[in-house]
Every structure is written in C-alpha cells, then in structure tokens.
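Written out below as structure tokens is the structure these notes cover.
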There are 2 protein chains.
Amino acid sequence: MSLNDRKIQILQAIINDYIETAEPVGSRTIAKKYNLGISSATIRNEMSDLEEMGFIMQPHASSGRIPSDLGYRLYVDHLMQKRELSNEEERYLQSLISRDINQIDYLMEETAKAISALTNYTTFISEPVGQRAKIKQIRLLPLDMVSILLVIVTEDNFMKNHVIKLGVVPEEERIFEVGFYLNRAFQGYALEQIDQTVIRRLQYELGEYKGLLIPIFKALEITMEAAEKVQVHMSGTKNILAFPEFSDISKAKSLFQTLEEKDVLVTLLEESKSNDLQILIGSENTVQSMKDCSVITATYKLSDDTRGTIGIVGPTRMDYSQVVSVLNGMVQNIERVLRNLTDNNKDG
Amino acid sequence: MSLNDRKIQILQAIINDYIETAEPVGSRTIAKKYNLGISSATIRNEMSDLEEMGFIMQPHASSGRIPSDLGYRLYVDHLMQKRELSNEEERYLQSLISRDINQIDYLMEETAKAISALTNYTTFISEPVGQRAKIKQIRLLPLDMVSILLVIVTEDNFMKNHVIKLGVVPEEERIFEVGFYLNRAFQGYALEQIDQTVIRRLQYELGEYKGLLIPIFKALEITMEAAEKVQVHMSGTKNILAFPEFSDISKAKSLFQTLEEKDVLVTLLEESKSNDLQILIGSENTVQSMKDCSVITATYKLSDDTRGTIGIVGPTRMDYSQVVSVLNGMVQNIERVLRNLTDNNKDG
DNA sequence: ATTAGCACTCGTAGCAAGTGAGTGCTAACA
DNA sequence: TGTTAGCACTCACTTGCTACGAGTGCTAAT
C-alpha cells in the first residue's frame, strides 16, 4: 500500500475542507466538491487506506474523517503551497511600517495585534535579546537635593536609569568628575569581569565617594538582569473562544491558564529561536494544555545573535499556509523597522 | 408597602445564597437554611413584595428569585458588612510587601496577580500618573562614535532616554557643556511654557550645535506624552471562564474583547479616579459588554494628585464584601510600597 | 398577620422514534 | 484488476413526548 498521487490528492482535499469547515469530511463531500474524477466509493477505499497509514482518523465510527497530527505533518512538510499575501494583508503590513514607531515595546505590541487581527489566532512575540551584556556607558548626573541619577547603557544600547539617594549631594562638578572615573573603570566590561583588583582601585580613586559603589553595583545587577530578561507581548487571546474546538470551556480555560504564564511562553519562544520557522503540531507540543493546538514560531534577527521570536497558537486545524506567509511577511517587516529603530533610538 | 426589617433579612438571605450558589433562591430554601422564624408561605408573600419593589426578580415564571441590580445596590450601600481579611489573605499581602520590589511595572504586575488570585476575579490596575509634567533635568551624555544620549527627567521622576544620531560627535567636554546650557534653559518648565523667545536665545547660545534643538524637541514631546500615558496591567482574565454566568461562550467572548481594548479600561479607571471606592453594578456600567458585570474600583494615592486605580470585574453576583476588603488592604499596601519606591528608585 | 394546602407553571431530564451523513462490504462492470 | 453502484449498518443528532420537581400564587383556616 503506497502513498500514490491519488491518495495525496484526497488527503489534501480532506485537510483543506476540514480547515475550512471544522466538520469531519465524508467521501461524498470530496467526490462532489473536488473534481477528482473518481466516485465516492473509490474515495472510501482510499480513505480506508489513509486511515490505516495513520494520516486521517474518524472521531466516531460512522462519521467522516479528520486529519491526524501525522496527516498535518505530511501536509506541512510536503503538500502545503506557499501562499502570497492578499492585498488586504499587504496593506495591513504596510500601514504598520509607515507609522512612526519609536519604541521597541510599542512595535512589539502593534505587531502582535496586527498578526492576531490578520490570522485570528493568538499571537505572542518576544523582544530581541542579544548576547551577554557589556557596559558601554555608566554615568552620573545631578538629579535633585537628595539624589543623583545613574545612567547605565549596555553595548547593545539597552539602558536603564537608577536614582541613588544620598544624605548629602555633592556639587555638580564633583558628580560629573566621579562619573567620569566610573565610566573609565567600567566601560567595555561585563559585570562578571569586574574583579577585586578593579574594585580596590576604584575605592581608592573615589576617595570620600567610595560609598557609592554599593548602590552602583546593585544598579548594575538590576540592569544586567533586565537586559537579559525576555519580554513577551501577546494579543488575540479572545480569538481562542471563536474556534469550535474550544467550545468546551474547560479546554479553553486550561489554554488560557497556560497563556497567562509568561514563563511557559518564554521557554517556548526561546526553544525555537534557532529555527527560522518551526511548526509544532498537536501532540508534538511539550506543554500539556497545548496538545490539541499547533504552534508556529518564526524568528527574526537583528544581528546574528540578537534575535526574537513570534509565535502563533491555534487549533491543529489551522490555516498553516496563511500563517506561514503572514509570519514571513511580518519577520521582514519587523527586521526592517528594528534596523531603523536601533540605529536611531533605543531605550528600555 | 415598606421595606421593613423582615424584608431586608429576606433580601439579604437571597443575595447571600445567590452569591454562593449562582442558583435562583426559593422561599423554601430560605425557610430551611436561614432561621428567620417564619414559614415559606410568609417568605413567599414578602418576596412578592420585594419583587414589586424591584429588588429581586424571577428568571422565569416558576423559579426562585435572583437579586436585581437595584437589589445589589441596596445591599452594597446599606446591608453589606465590612469583612476582615482572613489569615490567608493577610499572609498573601504581606508576602508581596516583604519582597524586594524595585520597579513600578513589576509592582503593578504582582499586585494584579495577587488580587486576582485572592478574589478569583479579573483585575486591572493603572500606574500612578501625576500632574502635567515639568522638566526637572535634561542632560546630554556621550554614547558612542555616532550618537549622543539625551536624558530627560520630569518633576515626578518619570524619565526617558533618547539616542540622538549625529554625523560628527563633538568631544566629551563640548557635549557636557551644551548639556549644561540646555538644562539651565529647560529646567522647571513644562513643554508648553517654552516659547519662541526661549528658543531663540537657545539657538544663539548653542551656536554651531543649534541643529540639536530639533531632535531634542521631538524627544521632549515623546517623553511628555509617555509621562502622561496611563499604563494598565491586567491579570486573571481566565477566571471569567469559571463563572457559570459566562458559560455562554459568546458572552465571555465579548467581555474578553472589551478587556483587550486598553483604551476602554483606561477610560474606566480614569473616570473613577476621583472616588476612593466605586462600585458599578450591572446596568450602571456604560460599556455594553459589561452590563452583566459589576466593576469595583479603588484609588490609591501617592500624593494628592498622583493617583492610580485598581479595578475588578466579575459577574454582578460578586462577593462584594470580600472584594472591598481585599481592595482596601491592597491600596494601603501599594501606597506603602510606592512611597518607598519613589523615594529610592524610579524609572520609566 | 400567619400559615397550611393545593393547583398551576415551567425548566429539565429521560426516552423513543426518525433522520441523515457516512461507512464497509459485495457483486457487477470495464 | 481497478472502479463503481448498491445496500445494510452505524451512530450522532433532532424532535416530540412524558414525568418530575422546584417553585409560585391563591385561598381558606388558624
């Protein structure tokens, strides 16, 4: 029993129809709707074979067939054809590009919204995270009567400000001077590289201001941690409720629960970071509540090791072809916008 | 026909029972469960009166009664007794206080999570926003070979950094010098207060660096806009699905839709900012998809005009008493943590 | 004023019959 | 030998019916 052309045509018909209608597909439907030039009886025989091979299955004894995870896998790997973006979709993407986006988190938010609006699936996206952060600038500024401002910038332009409260604030000139020393000492180093020798030298050079080192190291820690923390944005969770496969509230609820746990999403996105495009179908997912879903992820790159990932969750009966084309378009889009953005303006 | 003591007892019984069970309450249930010393027939007569007065209603002809929005209103305004927080709840709040929280958004996130975990209702919370922002500090720092860093801090310590790309970066000393001029010129002013005279003087003083003024004004605009933008955090949306009143998926969906639109939430929170505690029951809500819900909001204050709001959405059959006590506890908590936080460290 | 009793209402659970979409099998056909 | 028509069978789903029970409103007795 081999997977001949006709079987593949039939499988394709079943998958297309099922993606569209969410109803089990019978032999007669295929005979009528898809002109394969064979009768429903023949289709029945072929379907019986396809079922034996594991590509389709029956939800109950006398019903039509639905694709199995294996069937979708075959479809995704070999049958699915690349779809071009429709005019409407193209316009949507364009409108996003042309708008004046000047902040990463805003870009992420808008991208997630656009994708979930286009596809009707739940979308989540992680901000680009690069290699282990090195210090590019560390500066002190006067702030007010009781505190000074510490600005820390990493090599990849992630930055964070910290207010350091002091009993007595030195005069402006002294603040800048101390800041200058600090910058000389820290510039170019990762936090781990700063050893006792450096610290001792600093303590000496700072003199009466060496007490500053404690809050400064704390601020550095916080900054570096934040620089390496993956931020996730999500949109379109409500769409889940529109799919008949989640009309069972308890199923919907457990998926919602999972989506509310950012850790799970971060892990999911991080794991797929090495692939440009990854499709996990039903049981291929490791998270229990997603065993009935498919997850498609696409990775965008800012540089070779600065990457982020977009993910989409939907029922296994998902319009894979559409999602893949939208994701591809969006990756290009996001890479372009990000390249502009990081060249001009980046803050965290 | 007056609202005598007995009627009130019966109404209270109906509301308590309905909040607990979500089932219409019959006269016999009340007679058995709540020892009011009267028979079910008497209760029936009183219920008939209560219905006529509009405090309760029947979902269909021969069923028990459920409270109407008016009934809940009476309950909330006059009958509900303040509940003390349970030990468990107290512990939850304490655990939040004691943890080392150093960022506003993290505090918001955690607070929302805690409240939704304690109450099982969906929680959203807005970050504290103060009066129209004045500039406290505006400074320039060297960043790298092609850009300098502009740091803007408002009076209430909201801050934002901007990268300004230049063809040729001046030497460090000149950057600080120009920054000094800028700071002198802008300090203490709101963006609107800066008029042509000031700008002309600046152009003169900056000399060859007057081209900087364009990106600086753009950065100022972005910063001030962001300073005044209300950030909303949300948690526990999934809980909605657990309530029988949302077992109708389409209802749940429309509520989800609303909750995904931040604008609506912001408006809602902003509108209730002037009240310490506000309860909107069912039809009292202006948003259509919330006409079946109750929304309770509590406002926390950092200073007289720096405020934020916590909101809770649930079915009208909500445990008002619990929610109010949790919110009260949380407002105190959040005010304490925020006071510490803004004294020591604040960034945006 | 209160209550016991009773007829009445109405949503819901359970059951039986009918319907239709779909299958598998067999025998005839090209 | 592959294809197809025909047929019996399966099974979810709908419809209509009945029985049940929780609950009400009304009336008459206390």
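Fair warning: this is a prediction, and the values are worked out from it, not measured in the lab. Letters A, B, ... are given to chains in the order of the sequence lines, protein chains preceding strands, and every chain is numbered from 1.
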Is any side-chain nitrogen or oxygen of [X] closer than 4.0 Å to OP1 or OP2 of [N]?
| X | N | value |
| --- | --- | --- |
| A/R28 | D/dA5 | no |
| B/S39 | C/dT3 | yes |
| B/R65 | D/dT24 | yes |
| B/R44 | D/dT27 | no |
| A/S27 | C/dT23 | yes |
| A/T29 | C/dG22 | yes |
| B/S62 | C/dG11 | no |

Q.
I'd like to know if B/E245 and B/R317 make a salt bridge, using a cut-off of under 4.0 Å between side-chain N and carboxylate O.
A. yes
Q. Is the closest basic N to carboxylate O distance between A/E284 and A/K291 below 4.0 Å?
A.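 Not counted as a salt bridge, because no side-chain N and carboxylate O are separated by less than 4.0 Å.
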Q. According to the interplanar angle, ranging from 0 to 90°, do the rings of B/F256 and A/F256 count as parallel (below 30°), tilted (30 to 60°) or perpendicular (above 60°)?
A. tilted
Q: Just call it for A/A41: base, sugar-phosphate, or nothing, with non-hydrogen atoms closer than 4.0 Å on any strand.
A: base
Q: Quick one: label A/T42 by what it contacts on the DNA or RNA (base, sugar-phosphate, nothing), any heavy atom closer than 4.0 Å.
A: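 Touches a base.
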Q | Which nucleotide in D/dT4, C/dC10, C/dG24 has an atom nearest any side-chain atom of A/E51 | A |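 Taking heavy atoms from C-beta onward, the closest nucleotide is C/dG24.
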(Q) Quick check: on DNA chain D, is the nucleotide nearest B/A61 upstream (toward 5') of the one nearest A/N45, or the reverse? Name the residue that is more 5'. (A) A/N45
Q.
Pair A/F55, A/Y72 - check ring pair (Phe, Tyr, Trp, His ring centres under 6.0 Å), show working.
A. CA-CA 8 Å; A/F55 295 119; A/Y72 285 123; over 10 Å; no
